[in-house]
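Sequence positions, counted from 1, serve as the residue numbers for this chain. From a predicted model like this one, the values you see are computed outputs, not experimental measurements.
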Amino acid sequence: MEIIQVVGLGLISTILILIIKEQKPMFAFLLTASTSILIFLFLIGKIDTVISELERMAESAGVQMIYLKTILKIIGIAYIAEFGSQIVRDSGQESIATKIELAGKVLIMVLAIPIIGIIIETVMKLLPH
């Protein structure tokens with residue numbers, strides 16, 4: 001019932017943030033960021049379990065690990081960019097949040113180039129000459 005712990009932490013933090021926000025907005029933001037980081041740290045163990053299982057399945061299926069690692073990096077970039085942009089957005093900096101999201105998308109495109117190249121090569125081999 002780990003979700004109850006996460007939701008409980010979120011609700012308690014939200015109540016405290018609403019109380020503190022009027023007098024000390026900076027402390028409210030720090031509490032928001034701290035709560036977000038705590039939840040993220042709580043999830044790292046779960047993410048490690050998922051990655052280990054995906055690696056095991058990829059090995060048994062004969063998938064080259066370089067592809068799996070690239071896909072996991074892409075997923076990691078997406079999650080971290082979303083996490084960072086939401087924290088920045090919570091502080092009221094919509095413009096910076098948008099730039100973080102853009103950076104995440106560009107980095108994902110850069111990592112995806114080798115995979116896209118392999119897909120194009122495979123399609124070209126399948127097409128009759």
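- For the pair S13 and T35, the tightest heavy-atom approach, listed with the atom from each and the gap, is OG-OG1, 2.8 Å.
- Between A81 and G104, the shortest heavy-atom contact is CB-CA, 4.1 Å.
- I74 and V63 sit in two unconnected hydrophobic clusters of ILVMFWY residues. Membership requires side-chain heavy atoms under 4.5 Å apart, directly or through other members.
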- Query: Yes or no on side-chain contact (heavy atoms from CB on, under 4.5 Å) for F29 and I87, after CA distance, side-chain angles and deciding distance?
  - Reply: CA-CA 9 Å; F29 171 72; I87 289 176; 4.1 Å; yes

- Mind running side-chain contact (heavy atoms from CB on, under 4.5 Å) on T70 and Y67 for me, showing each step along the way? CA-CA 5 Å; T70 301; Y67 302 128; 5.7 Å; no

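- L107 pairs by the side-chain contact (heavy atoms from CB on, under 4.5 Å) definition with I77, not counting sequence neighbours.
- Surrounding CD of E22 are at most 12 heavy atoms belonging to other residues, nucleotides or ligands under 6.0 Å away.
- Checking side-chain atoms of S60 against main-chain N and O of M57 turns up a donor-acceptor pair under 3.5 Å.
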- What's the verdict on side-chain contact (heavy atoms from CB on, under 4.5 Å) for L68 and M65, showing C-alpha distance, side-chain angles and the deciding distance? CA-CA 5 Å; L68 178 64; M65 292 309 287; 3.9 Å; yes

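- If you take CD1 on I51 and NZ on K69, they are separated by 9.0 Å, rounding to the nearest 0.5 Å.
- Atoms CD1 and CD1, on I20 and I15 in that order, are 12.0 Å from each other to the nearest 0.5 Å.
- In this structure, I113 is not a member of the same hydrophobic cluster as I120, with clusters built from ILVMFWY side-chain heavy atoms closer than 4.5 Å.
- Neither L16 nor L9 shares a network with the other; the hydrophobic side chains, linked directly or stepwise wherever heavy atoms of I, L, V, M, F, W or Y lie under 4.5 Å apart, form separate groups for each.
- Ion pairing of E59 with R56 is absent here, as no side-chain N (NZ or NE/NH1/NH2) approaches a carboxylate O to less than 4.0 Å.
- The closest side-chain heavy-atom distance from I115 to I71 is below 4.5 Å.
- Here R89 contributes atom CZ and S91 contributes atom OG; the two are 10.0 Å apart, rounded to the nearest 0.5 Å.
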Under 3.5 Å, which donor-acceptor pairs link side chains of residues 36-48 to any protein atom two or more places apart or in another chain?
residue: S36; atom: OG; partner: T32; partner atom: O; Å: 2.9
residue: K46; atom: NZ; partner: E2; partner atom: OE1; Å: 3.3
residue: K46; atom: NZ; partner: E2; partner atom: OE2; Å: 2.8

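- In the hydrophobic clustering of ILVMFWY residues, with side-chain heavy atoms under 4.5 Å counting as a link, I119 and L72 come out apart.
- Both M124 and I116 are assigned to one and the same hydrophobic cluster, defined by single-linkage of ILVMFWY side chains at heavy-atom distances under 4.5 Å.
- Contact detail for A28 and I17: the closest heavy-atom pair is O-CG1, 3.9 Å.
- Note: I100 CD1 to Q93 CD = 10.0 Å, rounded to the nearest 0.5 Å.
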